[in-house]
Amino acid sequence: MSITRQKAIESAIKHRENQASVTGQGCVRDYFGTNVFSDSQMKSRLPKAVYKALRKTMDEGVPLDFSVADFVASAMSQWAIERGATHYAHVFYPLTGLTAEKHDSFFSPDGKGGLIAEFSGKQLIQGEPDASSFPNGGIRATFEARGYTAWDVTSPAFLTEGRNGLTLCIPIAFCSWTGEALAKKVPLLRSMQALNKQAQRVLKLFGHEDPGMITASAGPEQEYFLIDRSFYYARPDLLSAGRTLFGTRPPKGQELEDQYFGSIPERVLDFMMEVDSELYKLGVPVKTRHNEVAPAQYEIAPVFESANLATDHQYLVMQTLQRVAPKYGLACLLHEKPFAGINGSGKHVNWSLAGQKVGNLLNPGETPHENMQFLVFCAAAVRAVNQHADMLRGAVAHAGNDHRLGANEAPPAIISVFLGEQLTEVFEQIASGGAKSSKKNGVLTVGVDTLPPLPKDATDRNRTSPFAFTGNRFEFRAVGSSQSIAGPLVVLNTIMAESLDYVASELEKAPRDKRKFSAAVQKLLQRIIRENSRVIFNGDNYSAEWREEAGRRGLPNAASTPEALEAMNSKQTYELFAKYGVLSRREAESRFEIYQEKYVKDVMIEARLCLSMARTMIFPSGVKYQQLLAQTAAALTTIGKTSCTTTLDEVNSLLARLQKAMMMLEDVVKMPEGLSHAKQCRYIVGTVIPVMNELRQVADALEHVCDDEIWPLPTYQEMLFIR
């Protein structure tokens, strides 16, 4: 075994045996949200009139009264300083997909040798970072630097803890001097505003005179891998690309199906407990933790929140996972496919619509066939997916997700809707003339007297569907594990707003007479179902038969990121975003450019890294083994023995193929000059990736035969099973 691998294994075992125990912090109720400038903090620290004005903005979406900002800034900074904070940071989410923040001190010299704490309403509401140094798709030139941050009242400020102090973090929106959105939050808030407007139109038609604010709600499940940090640092590909560019499958993978929901390893459970504790302090309502399907793969999931807050909390979840892992000698991998041939990681986004006065609008109730309001909202969602499947596919398109979508562990690139037997039957009845019944929930008896009868849902679940109805919400399963949920939510909210706009516009023409209005609803539902039923599929989305059937139905199937992004680069997409005030044409086009450029950079980094590792690590190791075999063969020949050269012949052949693949990759990574981003993407898909795949195939075959003492990289078996 190579010295690097040996030291990594020794370090992993040593850390596992010597890890410190984790002490609890008491009852969760006592510390949940303690690092959040929460409603209770605002209520106790703000004048009553200021608090009421702030709540009105948060609950009803009315414009913020700027006169309250100084009061809020004073109370917020006083709370943070009392806790030990010295700095504040406006936190935003640029189009890098990561978090951005600039820290400023609360304290300034008072001119008398001391310090004075300062934090005004203006400082709270607005900041001014450089707008040209973030991806902007041409909206800002390098010399046009001014950008603004704006306080997002709907997402509470919070404290982050470091070893040496605390920082007050204030979620904000980021835009350019010319007003264009340069980050994820502004389009998300706009899409929620558009959705609220159209949902209220529909609800008023159903008799809700004041339905209140309707928000999109989300509950994103986060899958991730944990491996020992020593292995992580011994793998240049994990360090720079987030996934293994080389590595053959281990003798034992996930085929025994013994990982899912299995007993959580002690070190991992300690890690999970600290992650939960840190997130509880930040007010993140995490609920579930468990082993996932693949070895070394796990999941954490929260309960539902407003989509905007859920997005902010999702960033905190990812940051906390990666920040806590090193304390336990672990590395957290959020890439969609860290290990080839092993299940990848997604981020299933559970999505619904709800309001304080009307509840969950996607709750079918006991008799869904009689629940016209639910059927209208559900049908609108089906229509939205069918009409704009290309936008949904584009919303989850990036280099990492290309390795996952369509594999037998994730939904395919074909976007379809799973409704289940109960709702499918109801919609089929409506399409045929009118729904008279719906399948009832049942009781499951398992045949053991000591076990109670179990309530049985009226329909099964479908884990292969990219967009599945799961009882009172839709689950968008195609989102990648490393991805911000903001982009997918923007698309979901916008296409649903368009669909509800269509519904409201049609029903507003109907008579107000109850019976005639009911007939109009039935007629509209029939039309929606008949025109959009092609997207409904309750079967196995992994099957080849479905791909063929989807083709016959005319459903789009964008297999790669460039295809998916090109589908979004359309007049229809740009007009839809502009119509509902979510993204201007310029903003939408800039994102298209940014996502194409990022795809190019991501894959080209991998290609150069692939070449470097093959040249400096894999090929030299193969040559060492070749030399050892050749010396053995020569020694046997010298003493008159017939040497078996089968393995040497195989190694010779593999090294020759490896050299050829390296030369080809060296040639193709020199991308022709002057290509547009679109042409660069096509060049990568058609030229670079096939050569990378060939190089990997040969290198992995060499790993199969190479002396284990010589092979330089930690293996899949070591990384996945030494815990």
Side-chain angles (χ1 to χ4, degrees), residues 60-61 192-217 352-388 417 419-420 422-440 458 469 471-474 493-536 576 579-580:
E60 301 176 23
M192 293 176 69
Q193 184 172 284
L195 184 58
N196 171 52
K197 179 180 178 180
Q198 302 306 326
Q200 289 205 30
R201 285 177 63 196
V202 175
L203 288 170
K204 287 176 180 177
L205 291 169
F206 278 89
H208 301 277
E209 293 183 5
D210 181 20
M213 188 173 180
I214 306 302
T215 61
S217 54
S352 188
L353 311 179
Q356 290 184 353
K357 296 182 179 180
V358 296
N360 183 355
L361 297 174
L362 290 178
N363 187 351
E366 295 295 323
T367 54
H369 65 285
E370 296 175 343
N371 190 342
M372 283 296 154
Q373 179 178 289
F374 159 75
L375 290 173
V376 163
F377 276 91
C378 187
V382 173
R383 177 187 177 276
V385 175
N386 181 56
Q387 297 290 322
H388 307 290
V417 177
L419 288 179
Q422 184 188 54
L423 289 184
T424 300
E425 183 181 305
V426 170
F427 279 137
E428 286 174 350
Q429 289 179 47
I430 292 172
S432 299
K436 305 296 183 184
S437 64
S438 51
K439 189 176 180 180
K440 301 293 184 183
F469 187 76
N472 61 359
R473 62 193 181 274
F474 283 99
N493 294 342
T494 304
I495 65 176
M496 187 62 170
E498 186 276 333
S499 208
L500 291 175
D501 183 3
Y502 167 79
V503 168
S505 298
E506 291 297 307
L507 293 182
E508 282 167 353
K509 303 172 188 175
R512 296 279 72 83
D513 174 83
K514 187 175 181 179
R515 198 170 75 175
K516 292 181 179 178
F517 179 75
S518 179
V521 171
Q522 288 279 358
K523 186 176 180 180
L524 177 61
L525 285 172
Q526 285 180 347
R527 187 160 75 245
I528 290 176
I529 295 163
R530 288 170 180 169
E531 293 176 357
N532 299 279
S533 62
R534 68 170 185 161
V535 80
I536 299 172
L576 183 67
K579 179 179 179 180
Y580 295 97

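Computed over heavy atoms, backbone and side chain alike; hydrogens, waters and symmetry mates excluded.
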Side-chain heavy-atom pair [X], [Y] within 4.5 angstrom cut-off:
X	Y	result
Arg201	Leu500	no
Leu423	Phe374	yes
Val376	Val521	yes
Asn363	Ser352	no
Gln198	Tyr502	no
Phe377	Val503	no
Leu525	Met372	yes
Leu203	Leu361	yes

Kindly give the heavy-atom pair with the smallest separation between [X] and [Y], and that separation in Å.
X	Y	answer
Leu353	Ala216	CD2-CA, 4.2 Å
Pro511	Phe517	O-CB, 3.5 Å
Ala384	Ile495	CB-O, 3.5 Å
Ser533	Arg530	OG-O, 3.9 Å

task = Verify side-chain contact (heavy atoms from CB on, under 4.5 Å) between Leu375 and Phe427, making sure each step is shown before the conclusion.
result = CA-CA 9 Å; Leu375 290 173; Phe427 279 137; 4.0 Å; yes

query = Should we say atom CD of Gln356 is surrounded by more than 12 heavy atoms from elsewhere, each under 6.0 Å from it?
reply = no

key: Exceeds 12 heavy-atom contacts within 6.0 angstrom, atom CZ of Arg515   =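 Atom CZ in Arg515 is not crowded, with 12 or fewer foreign heavy atoms closer than 6.0 Å.
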
query = Would you say Asn360's side chain and Asn472's backbone share a donor-acceptor pair under 3.5 angstrom?
reply = yes

message = Test your reading of the model: is there a side-chain donor-acceptor pair from Asn371 to the backbone of Pro364, 3.5 Å cut-off?
response = yes

task = Can you measure from NZ (Lys523) to NZ (Lys516) and round to the nearest 0.5 angstrom?
result = 13.5 Å

ask   = At what distance, to the nearest 0.5 angstrom, does CD1 of Ile536 lie from CG of Leu419?
value =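 Separation between the atoms: 4.5 Å.
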
Run the side-chain donor-acceptor check on residues 205-215: report pairs under 3.5 Å with partners two or more places apart or on a different chain.
residue: His208; atom: NE2; partner: Gln373; partner atom: OE1; Å: 2.8
residue: Asp210; atom: OD2; partner: Lys357; partner atom: NZ; Å: 2.6

Candidate pair Val382 and Ile528, rule side-chain contact (heavy atoms from CB on, under 4.5 Å), full reasoning = CA-CA 8 Å; Val382 173; Ile528 290 176; 5.8 Å; no

ask   = Passes side-chain contact (heavy atoms from CB on, under 4.5 Å), Glu498 versus Arg383? Steps please.
value = CA-CA 10 Å; Glu498 186 276 333; Arg383 177 187 177 276; 2.9 Å; yes

request  = Begin from the C-alpha positions of Arg534 and Asn386 and carry the test side-chain contact (heavy atoms from CB on, under 4.5 Å) through to its verdict.
outcome  = CA-CA 8 Å; Arg534 68 170 185 161; Asn386 181 56; 2.6 Å; yes

